[in-house]
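One structure is given here, and the rest of the page talks about it.
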Amino acid sequence: MATTRTAHTDWQGNLLKGAGVVTLDSSGQGSFDVSWPSRAEAANGKTSPEELIAAAHSSCYSMALSHGLDGAGTPPTRVETKADVTFQPGEGITGIHLTVRAEVPGLDAEGFAAAAEDAKKNCPVSQALTGTTITLSAELI
C-alpha cells in the first residue's frame, strides 16, 4: 500500500529578508523556522531544506541497511548514520556524504562494506536524489 506524507511551508517576504515556518503535517511532530541565512550561512536555531534532506536520508539509509543486513542473516544490533548535505549558493546541493557505523555480530568488514554500498544504492531517498553525488564511509563498531 502506498503512503503519502505531507509537510507545508508558510513563507513571508522575499528570499533574503523573508522567513518561513515548515510544518510536518503527517506526523504532527512540529513546526520549524526557516530562512535564507539559516540555509546559506549559520543555522542560528533554524532549519533548512538541506537539514531536512539530511534527516530524511540518514533515517531512510539506516532502515535500508538494517533491512538488508537482517535479510542476509546478520541483523544489526545498532546502526548509526549521519548525512552531511552540502549546499552552495548559486549552485544548489553539491553532494551528500553518508557516514555509517554499525554493530553487526558475525559480519566481517568486507561483508559490511558490501551491505553498506547496497543500502546506499537502494535506499528510496538515495534513489530520489540520483542527480546528486552521494558518497559513503562505513565502519563496523
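- Ser58 places a side-chain N or O within 3.5 Å of a backbone atom of Ala54 that can act as its donor or acceptor partner.
- A donor-acceptor pair under 3.5 Å is formed between the side chain of Ser38 and the backbone N or O of Thr47.
- Considering only heavy atoms from C-beta on, Thr99 stays 4.5 Å or farther from Thr81 through its side chain.
- Shown here is Gln88, whose CD atom has more than 12 heavy atoms of other residues, nucleotides or ligands within 6.0 Å.
- In this structure, Ser66 contributes its side chain and Ser62 its backbone to no donor-acceptor pair below 3.5 Å.
- The two atoms that bring Glu51 and Lys46 nearest to each other are OE1-O, 4.2 Å, heavy atoms only.
- The closest side-chain heavy-atom distance from Leu24 to Gln29 is below 4.5 Å.
- Between Glu50 and Ile93, some side-chain heavy-atom pair lies under the 4.5 Å cut-off.
- The shortest non-hydrogen separation linking Trp11 to Gly18 is CZ2-C, 3.6 Å.
- Closest heavy-atom contact between Ala83 and His57: CB-CB, 4.3 Å.
- Not one N or O on the side chain of Thr23 forms a donor-acceptor pair closer than 3.5 Å with the backbone of Asp25.
- Residues Val21 and Ser31 come closest through the heavy atom pair CG1-CB, 3.6 Å.
- Ionic pairing of Glu80 and Arg78 is present here: one or more N-O contacts between side-chain nitrogen and carboxylate oxygen are shorter than 4.0 angstrom.
- You'll find the side chain of Leu98 stays beyond 4.5 Å of the side chain of Thr135, heavy atoms only.
- For the pair Ser126 (side chain) and Lys121 (backbone), a donor-acceptor distance under 3.5 Å is absent.
- Between Phe87 and Ile53, the closest side-chain pair of non-hydrogen atoms is not below 4.5 Å.
- Taking the side chain as every heavy atom from C-beta outward, Val22 and Asp33 never approach each other to under 4.5 Å.
- Checked by atom type and distance alone, the side chain of Tyr61 never pairs as donor or acceptor with a backbone atom of Val125 at under 3.5 Å.
- Listed for the Lys120 side chain is a donor-acceptor partner under 3.5 Å among the backbone atoms of Ile134.
- No side-chain N or O of Asp84 forms a donor-acceptor pair with one of His97 less than 3.5 Å apart.
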